[in-house]
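Please read the structure below before turning to the comments.
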Amino acid sequence: AELREGRYAKQSRMSWEHFRAYYIDNAIAGLADNSIVAYESTLNAFETHCSPHKLADLTTQRVTTFATELRNAGLREATVARH
């Protein structure tokens, strides 16, 4: 049904480690040092709370769970929003 309706998307086989290295090298490398630290902090927190193995593990449900866990850990809403 997903294929017929144009909603099918093959899951990425990219590992989380490969994605993280690629993202750091290509997407955030040119940012200010403090911004790089903030992005890496978010990636570290996501890894701690969600244990992703593949990029395909980054789903809406996982991100929602991640935000809920940050709130439950006592982080302020501004910190949750930054992550």
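The analysis underlying the following values was restricted to heavy atoms, covering all of them including side chains, and did not include hydrogens, waters or symmetry mates.
For the residue pair R13 and K54, the shortest heavy atom distance occurs at O-NZ, 3.9 Å.
Under the 4.5 Å side-chain criterion, counting only non-hydrogen atoms from C-beta, H53 is not in contact with W16. Residues L58 and V63 form a side-chain contact, since some pair of their non-hydrogen atoms from C-beta on lies under 4.5 Å apart. Side chains of R20 and E47 form a contact here, defined as non-hydrogen atoms less than 4.5 Å apart.
In this structure, F19 CZ and M14 CE are separated by 8.0 Å, a value rounded to the nearest 0.5 Å.
Listed by first then second residue, pairs satisfying side chain to side chain donor-acceptor pair (under 3.5 Å) with a partner in residues 55-68 number zero, not counting sequence neighbours.
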Output a table of donor-acceptor pairs, distance under 3.5 Å, between side-chain atoms of residues 23-43 and any protein atom two or more places apart or on a different chain; print 'none' if there are none.
from, atom 1, to, atom 2, distance (Å)
N26, ND2, Y22, O, 2.9
T42, OG1, A38, O, 3.2
T42, OG1, H83, ND1, 2.7

